[in-house]
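To keep things clear, I will list the structure first and then write my remarks on it.
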2 protein chains.
Amino acid sequence: MKQTAKRTIYDIAKAAGSSPSTVSSVMNGTWKGRRIKEDTAKRILGLADELGYSVNQQARGLRTAQSGLIGLILPEHNNRFFSDLSQSFTLEARKRGQCPVIIATQRDPESETRTVRDLMAYSIDALFVVGAAEPSEISRLCRSSGLPHVFIDQPCPGAPSVITDNEDGARRLTRAIIETIKPDQQGDAKVYFLGGDARLHASSRRIVGFRTEIERHYGTCGPDQIIACGYDPDIALMRIRELYDRLGGLPAGLFANSINVFEALLRFLVDVPETEFQHVSVGCFDYEPYGEFLRFPVHMIRQRHRQLVRKAFEFLDQPPADNALLMVAAELRLA
Amino acid sequence: MKQTAKRTIYDIAKAAGSSPSTVSSVMNGTWKGRRIKEDTAKRILGLADELGYSVNQQARGLRTAQSGLIGLILPEHNNRFFSDLSQSFTLEARKRGQCPVIIATQRDPESETRTVRDLMAYSIDALFVVGAAEPSEISRLCRSSGLPHVFIDQPCPGAPSVITDNEDGARRLTRAIIETIKPDQQGDAKVYFLGGDARLHASSRRIVGFRTEIERHYGTCGPDQIIACGYDPDIALMRIRELYDRLGGLPAGLFANSINVFEALLRFLVDVPETEFQHVSVGCFDYEPYGEFLRFPVHMIRQRHRQLVRKAFEFLDQPPADNALLMVAAELRLA
DNA sequence: GTATGTTGCTCCATCGATTGTGCAAACTGT
DNA sequence: ACAGTTTGCACAATCGATGGAGCAACATAC
């Protein structure tokens, strides 16, 4: 245990008076299949521990064309959802005896492909992809090298994907918003959908869910109620201000389609008298723990990161059809 | 580019009509030193690109006893400071052409040592450690294998460490809190320090900083003003409630010594009339973007994650004395 | 006593890249 | 024209673990 020089199976073999291949098979657990006596195995394990030996993964990986490394690429670390995923991913990978490698690529396509290539150079055993800028390019790369991969939170045509059931989540969130609207609400009693990009899969499903619930309750959902203004908080803030001016006050309900939009709303509300904003019913399709400490109720959708990751791993163990798309229900956190 | 089978230097060599060693030295950039003609190098690079070749890092690593992998272990992903660090770490590592491996160990000593061992099995080139439960054990492990390592945000005796200047940060934060106190403050006009563990390095330095500034301004700092009740938000909430009852209202100023304490404060304030809490001057020794959206000003200390990481990398390039401890000034974000 | 089977290993080629060494061919100086 | 130098590359051992093949010792069968 005190040596600085790295131990190898040859050192252990010499110390145990046996051959390197015996040590090897003891260390990798195949010794029963290779008819090594249990006594021998125990003795070798003891020596290995005593001498502070640990397998050289590079050599093993070179030989077996595997590495025990498993990759996850995501846009950034500094985001609650992504760090939730990182957490679940780490736990699951370690539970399987693999080594998680998580890399943030800043939503930059070039960085994405470079990262995928780099990871492949390490012979990673599989790759999970979250929120990639160019999913199909990544899928192509993986496919061309035979690298098993699964997309999370973002469906990629032709590749197994695990995503949140956005439509169902949006319906439940919308319902919660409607139910929280106080009956004494005067003026414009409508609910507005704010933020997101209607061309993207997630947003479009959410809009469908929102519209369905609104129509069920109010009979109709005007086009003005859906303001898919993107993810930029500054633009969202402008839209909120416009809405406020147009309505002469806050609307009855607001569906914030991302954490950024929610932040914009908070920034706007800082200057609004408390008596006013305490009457707006707010829902956010994203989770932020600080939402619970606000002076008005906020319903939030939290993605089931644990489930998403688990299902993604299951896709590795039981490879599904290439176009398999699995949906996981979101968690609705009522205020 | 279309082949599923992995390319090797032998394939490229055959295609280029040259030897594997030539290809190797072209791929790893040593070709000038080995007097390879520039034409040859270019031709080989072209072929490599064309055939979709990428170096097998396992083979390279086996040969060179390096890996290009660089590790970071931290308690959890789901925390602003840690994810900030992950972000900076990733950028810096990639800039150096290394592959960042970030692993969360849940503040569990066993998980920590197992992770360090696992990472060493991959011959990682260096290891950064943040917020470990047992720093000296980790340092011992690394030392025994000759693995370069640097501690961040936590000094470890005998190992190079980069930490935030807690005393200076606490002084500046305290000063900001004092300056924000409105002159019309009636009743108990004192500032209170809440949370943390006085036995730990970081907290003790912060308490020193706090006390210094308080004494400079008020001449004295009573022992009741320092409530180092740990990091549990529930306990902190109890202490806040006690303080509130004892003073018959909110104090003039509050120094929240961690994000958990700050959350406890927010939870408490949800039930306090707005007129009351708008007069308390709050500082938090931690950063949380949502602090900016509150209806009262909060000064925050944000650790310079970028700097911490940069300095840590510099320690790798220019190994300092084993007990080197470098301090980085914190960033004070005024409300 | 010979044939056949089982036990418990060992031998050695191999994975792909690296690098010290060797060696022709081209060039330089005289 | 011949020794000496430089240029441009090829050879082959090596890193540490793996696993198919082989082999001696012993047991069992007939």
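In what follows, chains are A, B, ... by sequence order, proteins preceding strands, each numbered from 1.
When the C1' atom of dC15(D) is taken as reference, atom OH of Tyr122(B) falls 18 Å away, rounded to whole Å. Regarding Ile12(A), its CD1 atom lies at a distance of 9 Å from the P atom of dA17(D), rounded to whole Å. Rounded to an integer number of Å, the gap from CZ of Arg60(A) to P of dT14(C) is 22 Å. Per the geometry, CZ belonging to Arg7(B) stands 16 Å off P belonging to dC15(C), to the nearest Å. Counting to the nearest Å, the C1' atom of dA17(C) and the CD atom of Gln58(A) are 12 Å from each other. The interatomic distance linking Lys32(A) (NZ) with dG19(D) (P) rounds to 18 Å, in whole Å. Put simply, CG on Leu62(B) is 9 Å from P on dA17(D), counting in whole angstrom units. Atom CD in Gln66(B) sits roughly 17 Å away from atom P in dA17(C) (whole-Å rounding).
At distances below 3.5 Å, not a single donor-acceptor pair connects side-chain atoms of Thr22(A) with backbone N or O atoms of Ser18(A).
In this model, the phosphate group of dC15(C) is not approached by any side-chain N or O of Asn56(B) to a distance below 4.0 Å at OP1 or OP2. Between dT14(C) and Tyr10(B), no contact under 4.0 Å exists linking OP1 or OP2 to a side-chain N or O.
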>> Using a 4.0 Å heavy-atom cut-off to protein, can you give one letter per nucleotide of nucleotides 4-12 of chain C, 5' to 3': B if the base is in contact, S if only the sugar-phosphate is, - if neither?
In response: ---BBBBB-
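Applying the side-chain hydrogen bond (donor to acceptor under 3.5 Å, both in side chains) rule to Ser24(A) yields no partners; only residues at least two apart in sequence or on another chain are considered.
Aromatic ring centres of Phe128(A) and Phe89(A): separated by under 6.0 Å. Here the two rings, on Tyr122(B) and Tyr122(A), have centers that are 6.0 Å apart or farther.
Between the side chain of Arg63(B) and the base of dT14(D) there is at least one donor-acceptor pair of N/O atoms closer than 3.5 Å.
Ile44(B) contributes atom CD1, which lies 9.0 Å from atom CE of Met27(B) (distance to the nearest 0.5 angstrom).
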Under 3.5 Å, which donor-acceptor pairs do the side chains of residues 147-156 of chain A form with other protein atoms, sequence neighbours left out?
{"residue": "His149(A)", "atom": "ND1", "partner": "Leu147(A)", "partner atom": "O", "Å": "2.9"}
{"residue": "His149(A)", "atom": "NE2", "partner": "Ser139(A)", "partner atom": "OG", "Å": "3.1"}
{"residue": "Asp153(A)", "atom": "OD1", "partner": "Gln303(A)", "partner atom": "NE2", "Å": "3.4"}
{"residue": "Gln154(A)", "atom": "OE1", "partner": "Gly131(A)", "partner atom": "N", "Å": "3.4"}
{"residue": "Gln154(A)", "atom": "OE1", "partner": "Ala132(A)", "partner atom": "N", "Å": "3.1"}
{"residue": "Gln154(A)", "atom": "NE2", "partner": "Ala132(A)", "partner atom": "O", "Å": "2.7"}

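Residue contacts for Thr8(A): at a heavy-atom cut-off of 4.0 Å it reaches the sugar-phosphate backbone alone, with no base atom in range.
The side-chain heavy atoms of Leu141(B) and Thr113(B), taken from C-beta on, include a pair separated by under 4.5 Å.
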